[in-house]
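The sequence lines fix the lettering, A, B, ..., with proteins before strands; numbering per chain opens at 1.
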Amino acid sequence: MDIEERIKRRTQNETQPRFITDYQLISPVAHANEPVARGPLLEQLLDFLEPAFNGSIPPNGYVYGPTGSGKTAVVSTLWDNLDQLPSGSVATIHTSTRVQTKTFPRFTYIDGRQASSTFAFYRAVLDSIAADQVPKHGIGTETLRERLTENLEGSPGLIISVDHVGESLSIDETEFIDLVRGLPTNVSWLAVSRKRPNETPLTEYTGKSISVDRYRKQILVDILMQRASDGLANQAIRHPIAADISQWADGNAHDALCVLFGAAMRVDDANRAQFADTDITAVIKNMRHSRVPLGVVFSLPKNRQSVLRELVRLGPDQRQSVSTATNAIEQSDLSESTVKRFLYELAESGIIERKESDTTHSKGRPPSKVIPRFPAEVFARLYDFQQTS
DNA sequence: GATCCACGGGAATACACGGATG
DNA sequence: CATCCGTGTATTCCCGTGGATC
């Protein structure tokens with residue numbers, strides 16, 4: 001908590017500190033600036049990028065590892081820092097005999113979940129390097145590509161990291177290969193994916209693959225303790241509790257942080273000061289059927305997110321069929337049939353599941369009940385928090 | 001005015017069941 | 001008894017529209 005925040009609390013007479021002192025710092029979708037225990041991975045990435053520090057472009061690369069292993073945290077943070085390098089312009093290096101000038105390539109991180117179409121991808125890349133505004137509409141994909149090429153002509157180049165390649169709601173692998181074919185030769189890329197090198201066509205185009213292992217149990221405990229000490233009231237979490245969460249999460253930091261967050265919500269809502277074992281077990285029980293990371297849900301268009309927010313508000317009886325769920329969802333700016341279509345689309349992409357309903361129906365095609373497949377409680381809280389802040 | 005992409009709405013189609021028909 | 005058909009519900013898919021730009 002920074003000074004500004006502390007003063008704000010006092011001026012608002014919140015003298016009694018809450019259990020959760022900072023939602024952002026324990027949020028499973030926020031990444032720490034200093035990823036815990038990922039030094040070796042950072043070094044491997046910097047090795048891979050070595051040519052860039054001498055002013056040229058490295059070969060294409062591939063980073064892979066299981067979900068929740070910190071790939072996004074490390075790569076996005078690293079790229080953010082690298083983009084601070086003086087690029088295109090001149091960096092002076094003083095040696096004993098003379099002054100050398102160096103130019104570095106630029107660095108851009110692209111989240112494939114948010115740039116999944118050809119148009120969106122080229123636009124995102126161009127937007128990150130162009131000096132002036134890039135239109136969101138009214139311009140052809142090919143025009144965008146040409147502008148991108150013009151923009152990079154004669155420059156030291158560009159190194160893009162493209163995250164979540166090959167996931168269902170992100171850039172498809174074969175599409176990606178076509179996309180990067182359209183880029184000028186002074187661009188190289190690092191694809192980040194869950195698939196092993198032998199399971200993807202991408203590695204035919206890459207010079208190097210870097211593997212990320214799932215977190216070891218003890219590291220995950222450290223991460224939880226760190227997050228808890230940053231975002232929760234003092235001494236909020238005891239080591240055995242963190243160990244329990246870590247044991248259950250099996251190396252998946254996203255899942256572990258969801259449990260921490262969900263449990264902290266309960267303590268905070270009840271105005272308590274400590275975790276009880278039941279907080280952890282209850283949240284774990286609710287997480288049992290979650291397979292979709294929150295990052296996927298928060299990458300959806302705003303109107304899909306608001307439909308999901310309403311959906312998780314409903315009780316199981318209101319989710320007995322797609323139709324009843326549609327009727328129960330209140331959306332002033334969308335028609336009923338659109339809400340319904342959204343639900344089918346979300347089911348198609350696996351974010352929610354349709355399962356044959358257990359209620360007996362005499363007439364018509366049997367309905368299917370609707371079940372969220374993401375951490376619903378945590379999503380709801382973070383969503384509401386975003387709306388108000 | 002022509003062109004571009006994204007979005008939303010509803011039409012069209014698929015499916016399940018029960019009763020009718022031969 | 002096997003098949004057809006009507007009805008009601010579930011699901012998919014396409015096309016018009018709109019905002020933006022050139």
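Checking side-chain atoms of A/Asp268 against main-chain N and O of A/Ile20 turns up a donor-acceptor pair under 3.5 Å.
Judged by distance alone, the side chains of A/Asn54 and A/Ser56 never bring a donor and an acceptor atom under 3.5 Å apart. For the residue pair A/Thr200/A/Glu173, the side-chain donor-acceptor check at 3.5 Å is satisfied. With no hydrogens or angles considered, no side-chain donor-acceptor pair links A/Tyr64 and A/Ser209 at under 3.5 Å.
Note: CD (A/Glu348) to P (C/dA10) measures 18 Å, nearest angstrom. Distance CD1 (A/Ile139) to C1' (B/dC4): 9 Å, rounded to an integer number of Å. Between A/Phe342 atom CZ and C/dT11 atom C1' the separation is 16 Å, expressed in whole Å. As a whole-Å value, the separation of A/Glu142 CD from B/dC5 P is 10 Å. Going from atom CD of A/Gln133 over to atom P of C/dC22 covers 11 Å, rounded to whole Å. Separating the CG atom of A/Leu300 from the C1' atom of B/dC7 is a distance of 15 Å, rounded to the nearest angstrom. Look at NZ on A/Lys340: it is 15 Å from C1' on C/dC13, rounded to the nearest Å. Separating the CD atom of A/Glu356 from the C1' atom of B/dA16 is a distance of 10 Å, rounded to the nearest angstrom.
Of the side-chain N and O atoms in A/Thr338, one or more sit less than 4.0 angstrom from OP1 or OP2 of B/dG9. The shortest distance between the side-chain N/O atoms of A/Thr326 and the OP1/OP2 oxygens of C/dA10 is not below 4.0 Å. A/Arg365 has no side-chain polar atom (N or O) that falls below the 4.0 Å cut-off from OP1 or OP2 of C/dT7. Between A/Ser323 and C/dA10 there is a side-chain N or O to OP1 or OP2 distance below 4.0 Å. Dashed line: the shortest gap from a side-chain N or O of A/Tyr344 to OP1 or OP2 of C/dT11 is under 4.0 Å. Note on A/Asn303: a side-chain N or O is less than 4.0 Å away from OP1 or OP2 of B/dG8.
Among the heavy atoms of the strands lying under 4.0 Å from A/Ser117 are primed sugar atoms or P, OP1, OP2 only; no base atom is included.
Residue-to-nucleotide contacts include no donor-acceptor pair under 3.5 Å from the side chain of A/Ser337 to the base of B/dG9.
Nearest to the side-chain atoms of A/Phe119 among the listed nucleotides B/dG9, B/dC5, C/dA10 stands B/dC5. Candidate nucleotides C/dA10, C/dT11, C/dC22 were compared by shortest atom distance to the side chain of A/Arg354, and C/dT11 ranks first. Listed nucleotides C/dT12, C/dT9, B/dG10 differ in distance to A/Arg341; the shortest reach to its side chain belongs to B/dG10. Of the candidate nucleotides B/dG9, B/dC5, C/dC22, B/dC5 has the atom lying nearest to any side-chain atom of A/Thr141. The side chain of A/Pro135 lies closest to C/dC22, out of C/dT11, C/dC22, B/dG8.
Both A/Arg147 and A/Ser321 lie close to DNA chain C; mapped to their nearest nucleotides by heavy-atom distance, the more 5′-ward contact belongs to A/Ser321.
Both A/Val259 and A/Val296 are members of a single hydrophobic cluster when ILVMFWY side chains are connected at heavy-atom separations under 4.5 Å.
A salt bridge does not link A/Arg196 to A/Glu199: none of the charged nitrogens lies less than 4.0 Å from a carboxylate oxygen.
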